[in-house]
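The block underneath contains the structure these notes are about, expressed in structure tokens.
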Amino acid sequence: MKFCPLKTAAAEPSTLAPEYRAAKKMDVFRMGERHLFFRRKMRVCYIAYAEIDRFFRRVLQVPIRVSCCGGEMGVEHIVLSSGGEELAVILLADPRMAPPVMEELKARAPHAASVKPPVEDGGENG
């Protein structure tokens with residue numbers, strides 16, 4: 001398995017593998033002692049909690065059609081930001097896991113803001 005940093009390559013792969021295996025599993029994330037891990041295809045992306053400036057939930061309403069009627073389904077994402085840019089938008093497998101994931105991120109990265117950034121230019125801020 002290949003470890004890919006989201007921001008900086010400060011961690012050694014030899015120290016990341018044991019932390020990844022011992023990390024707490026929450027939906028698509030693994031919450032390690034110092035790093036947050038998630039998979040993208042055959043790679044494992046990671047970021048140190050200290051590098052996360054902001055994280056928040058993004059809910060997209062997706063139109064669906066089921067046999068005779070239609071409606072909308074909410075799709076949950078967790079967005080990780082650092083330095084004013086979005087580093088990753090991670091789709092959750094189970095939308096019910098969004099609140100526990102957010103609470104765990106708040107506990108492990110208390111310095112980071114857990115709200116969406118304000119609209120500055122009137123455009124969509126995600």
About how many Å separate CD1 of I78 and CZ of F38, when rounded to the nearest 0.5 Å? 11.5 Å
Less than 3.5 Å apart, which donor and acceptor atoms pair up between the side chains of residues 92-99 and the rest of the protein, not counting sequence neighbours?
{"residue": "D94", "atom": "OD1", "partner": "R96", "partner atom": "N", "Å": "3.2"}
{"residue": "D94", "atom": "OD1", "partner": "R96", "partner atom": "NE", "Å": "3.1"}
{"residue": "D94", "atom": "OD2", "partner": "R96", "partner atom": "NH2", "Å": "3.2"}

Is there a side chain to side chain contact (heavy atoms under 4.5 Å, CB included) between F55 and L80 once you walk through the steps? CA-CA 5 Å; F55 59 91; L80 303 175; 3.9 Å; yes
Side chain Y49, main chain R108, donor-acceptor under 3.5 Å: no
Could you tell me if R30 sits above the aromatic ring of Y20, with its cationic atom closer than 6.0 Å to the ring centre and no more than 45 degrees from the axis? yes
Main-chain N/O of L91 paired to E76 side chain as donor or acceptor, under 3.5 Å: no
Do M102 and L87 sit in one hydrophobic cluster, given that two such residues count as connected whenever their side-chain heavy atoms are within less than 4.5 Å of each other, even indirectly? yes
What's the shortest heavy-atom distance between C45 and L6, and which atoms? CB-CD2, 4.2 Å
Could you give me the CA-CA distance, side-chain angles and deciding distance for V44 and K2, then say whether side chain to side chain contact (heavy atoms under 4.5 Å, CB included) is met? CA-CA 6 Å; V44 175; K2 182 178 179 184; over 6 Å; no
Is it true that E86 and R58 have a side-chain N and a carboxylate O under 4.0 angstrom from each other? yes
Residue pair A107 / P110: nearest heavy atoms and the distance that separates them: O-CD, 3.8 Å
Please step through side chain to side chain contact (heavy atoms under 4.5 Å, CB included) for the pair M31 and L36, ending with a clear verdict. CA-CA 5 Å; M31 308 279 186; L36 173 69; 3.4 Å; yes
dist S81:OG -> F56:CZ (nearest 0.5 Å) comes out at 5.0 Å
Residues two or more places apart in sequence or in another chain: which of them pass side-chain hydrogen bond (donor to acceptor under 3.5 Å, both in side chains) with S82? K7
Step by step, work out the side chain to side chain contact (heavy atoms under 4.5 Å, CB included) result for R54 and V79. CA-CA 8 Å; R54 183 181 307 273; V79 181; over 6 Å; no
Anything under 30° is parallel, anything over 60° is perpendicular, the rest tilted; go ahead and classify F37 against Y46. tilted
Atom pair CD (E103) and OG (S114), whose distance is rounded to the nearest 0.5 Å: 8.0 Å
What's the separation between atom NE2 in H77 and atom CZ in R57, rounded to the nearest 0.5 Å? 12.5 Å
Would you check if the side chain of H111 reaches a backbone N or O of I52 as a donor-acceptor pair within less than 3.5 Å? yes
Quick check for you: to the nearest 0.5 Å, what is the distance between R39 atom CZ and C4 atom SG? 11.0 Å
